[in-house]
Amino acid sequence: MSYSQAPPLRWRAELSRQDWKAFSAAWLGYAMDGFDFVLITLVLTEISHDFHLSTVTAATLVSAAFVSRWFGGLAIGALGDRFGRRPAMVLSIALYAVGSVLCGFSWGYWSLFAFRMVVGLGMAGEYGTSVTYLIESWPKKLRNTASGMILSGYPLGGVLAAKVYAWVVPHSSWRVLFWIGVLPVVLAIYLRRRLPEATEWKEAADSGRRPVSATAVLFSGGRRRLVNVVLCLAVAVALVVVLRGQNMPVTLALVAVITACFVALTVQFAGRLWPVVVALMVTVFCAFLYSWPLQALLPTYLKTSLHYSPDQVSNALLYAGCGYAVGCVLSGYLGDRFGTRIAYTGMLTASLVFVVPVFALGSGHTVWMWVLLFMLVGTGSGGSGVLPKYVSDHYPLNMRAAALGFSYNVGALGGAAAPVLGAKLAKPLSLGTSIAVLGVALTALVVLLVGFNVPVRVQRAADRRAGRAGLPPREGQQEGVFAPNPAAGPDPGAASDVGPTSGPGTAPGPGPGLGHQSGAPAAPAQPNTAKRT
């Protein structure tokens, strides 16, 4: 289907009542996710005062949730692939609700750090399973729209958090915010329990196509289980040590250890698809690194550099959050009209226009600050509304939730590095300048990675190299061509940007990992890397 046949503005007529019910439950979970997660950024100054923390140390509390996200994405995503999207959605939202309540009872830095890690486990599952559920439930040609619309819930939850902050904190304690966050979650859990299973997952299960279990792949067998438990522990310890601040040689050494561990896990989990998974992790990492300095440190910047009152901070975040939500919906619609990659890179390029003006304004220009934040966050963070769709397009159905959850949430470690890096750069520069520098540099890098289709090119290079080594072609792979994923069917919203070639290279077949578990399915079908995402 060409882009000229994309859905018109009256696309809502193509959705059933059940489609909207699925969207409502998934969207509400995302909104509560945004509410609970943004709370920590709003009260960093109050927590710093109560626990006697520096700005850099306090920023690690924002990062703490990202430390556990990668494992939550893998584990809960695997549960979603094995038992269904719906139970995984319920588990994820329950986890971050419990974590948020516990944050209100924290008695010091390390207890709050640990409770934030519980929030991260649930948040990871929310990103992987809810997006997968909605994408597999809505019509194929509306799936960019679905991705953008569901992600709009996150910033609106953040807007709600900002308004509650302005009402509660001046008259109470920052702890009350975390306790309030559990109330709407009860409704979201109730709605999700009443949902039917995702259409595509149910059809696959009914036909006997057993999905890949990431946990079974990584933790089956005595020796493999032991090795991978050690790898996971090494990653967790190294991440915590890095976040606590080390000199440059130690930091680089730990980053190398973390990277090696993740690549080792990815090779086992994804088999011969590991190059595209790692490339997507890098892309998502850079995407979080451009957006999260602003999201995590904007309230601190407004309060410390511009001396905004809590009410002014709340208003600024209201405009930023509304821009984020509008941008998510817009990017999703543009993705279904023109292609995911075009929509994403176009929105990010537009965001570069607004970065410098936002941080050049002084404290006396509040209305202009609201307008510019709306535009900057709407085009920058809002453009990432199609990022989950972009990532999921590369994975076949039987490993989609686990692969999306793992790659997206490992990449989300960019969100862990972002506030710490922004706070450290603020020492030689200033907080506003450091946020602007990171935003411009990393946005440009993501535009290049996505615009030049780097994940697909990396996988092709690995395929050609394996072909020259005499390895058999992967299932569904034609000579020199990335075949679409047969399990997912054709995607009317995307057009192929790769035609058949006459070159001699053939793509390699499935390697160890996915195809080597007892009773496992055949190796996963070729990902949708032929699509113009």
* Structure fact -> CG (Leu302) and OG1 (Thr304) are apart, to the nearest 0.5 Å, by 8.5 Å

* What is the minimum heavy-atom distance between Pro299 and Leu317, and which atoms define it? -> CG-CD1, 4.0 Å

* To do: Compare all side-chain heavy atoms of Val230 with those of Leu233 and state whether any distance is below 4.5 angstrom.
  => no

* To do: Ignoring hydrogens and angles, tell me if any N or O in the side chain of Ser384 forms a donor-acceptor pair with the backbone of Leu387 under 3.5 Å.
  => no

* Which class fits the ring pair Trp179 and Phe105: parallel under 30°, tilted 30 to 60°, perpendicular over 60°? -> tilted

* To do: Using a 4.5 Å cut-off on heavy atoms from C-beta on, say whether the side chain of Cys261 contacts that of Val257.
  => yes

* Is there a donor-acceptor pair closer than 3.5 Å between any side-chain N or O of Ser331 and the backbone N or O of Gly382? -> yes

* Establish, yes or no, whether a centroid distance under 6.0 Å links the rings of Phe178 and Phe115. => no

* Asked: Below 4.5 Å, heavy atoms only, C-beta onward: do Met347 and Leu330 meet side chain to side chain?
  -> yes

* Asked: Hey, is the main chain of Ala279 close enough, under 3.5 Å, to the side chain of Thr283 for a donor-acceptor pair?
  -> yes

* Taking all atoms of both residues into account, what is the closest heavy-atom pair of Val358 and Met369, and its distance? -> O-CE, 3.5 Å

* Any idea which heavy atoms bring Gly380 and Tyr290 closest together, and the distance? -> O-OH, 3.0 Å

* To the nearest 0.5 angstrom, please state how far the OG atom of Ser100 sits from the CG atom of Leu177. => 9.0 Å

* Which heavy atom of Ile258 sits nearest a heavy atom of Ala238, and at what distance? -> CG1-CB, 3.6 Å

* side-chain contact (heavy atoms from CB on, under 4.5 Å) assessment of Asn315 paired with Tyr308 -> CA-CA 10 Å; Asn315 287 332; Tyr308 275 25; over 6 Å; no

* Report the relative orientation of the aromatic rings in His52 and His49; use parallel for angles under 30°, tilted for 30 to 60°, perpendicular for over 60°. => tilted

* So, does Ser111 use its side chain to make a donor-acceptor pair with the main chain of Trp107 at under 3.5 Å? -> yes

* Please answer whether the main-chain N or O of Tyr324 pairs with a side-chain N or O of Tyr154 as donor and acceptor at a distance below 3.5 Å. => no

* **Residue Trp174 excluded, over 12 heavy atoms near CH2 under 6.0 Å** => yes

* Asked: Going by heavy atoms in the side chains, are Val43 and Tyr165 under 4.5 Å from each other?
  -> yes

* Residues, nucleotides or ligands: over 12 heavy atoms within 6.0 Å of Trp110 CH2 -> yes

* For the atom pair CG (Leu289) and CZ (Phe285), what is the distance rounded to the nearest 0.5 Å? -> 5.0 Å

* Considering only heavy atoms from C-beta outward, does the side chain of Phe51 approach that of Leu112 to under 4.5 Å? -> yes

* Is Arg175 reaching over with its side chain to a backbone N or O of Ser106, donor-acceptor style, under 3.5 angstrom? -> yes

* Residue pair Val119, Ile40: steps toward the side-chain contact (heavy atoms from CB on, under 4.5 Å) verdict -> CA-CA 11 Å; Val119 172; Ile40 191 72; over 6 Å; no

* **Distance (rounded to the nearest 0.5 Å) between Leu95 CG and Leu121 CG** => 6.0 Å

* Begin with the C-alpha distance, continue with both residues' side-chain angles, and end with the deciding distance and a verdict on side-chain contact (heavy atoms from CB on, under 4.5 Å) for Leu318 and Trp370. => CA-CA 8 Å; Leu318 170 65; Trp370 296 341; over 6 Å; no

* To do: State whether the side chain of Thr379 and the backbone N or O of Leu376 hold a donor-acceptor pair below 3.5 Å, judged by distance alone.
  => yes

* Structure fact -> One should read off an interatomic distance between Leu445 CG and Leu348 CG, to the nearest 0.5 angstrom, of 11.0 Å

* Locate the shortest heavy-atom distance separating Ser351 from Thr443; write the atom from each residue and the value. => OG-CG2, 3.8 Å

* To do: Would you name the heavy atoms of His307 and Gln312 that are closest together and state the gap between them?
  => O-OE1, 4.3 Å

* Asked: Any side-chain heavy-atom pair from Leu61 and Tyr109 closer than 4.5 angstrom?
  -> yes

* Asked: With a 4.5 Å heavy-atom cut-off, do Leu102 and Val98 have their side chains touching?
  -> yes

* **Full working for side-chain contact (heavy atoms from CB on, under 4.5 Å) between Leu431 and Ser434** => CA-CA 5 Å; Leu431 188 55; Ser434 70; 4.1 Å; yes

* Quick one: pull up OG1 in Thr345 and CZ in Arg341 and give me the separation to the nearest 0.5 Å. => 7.5 Å

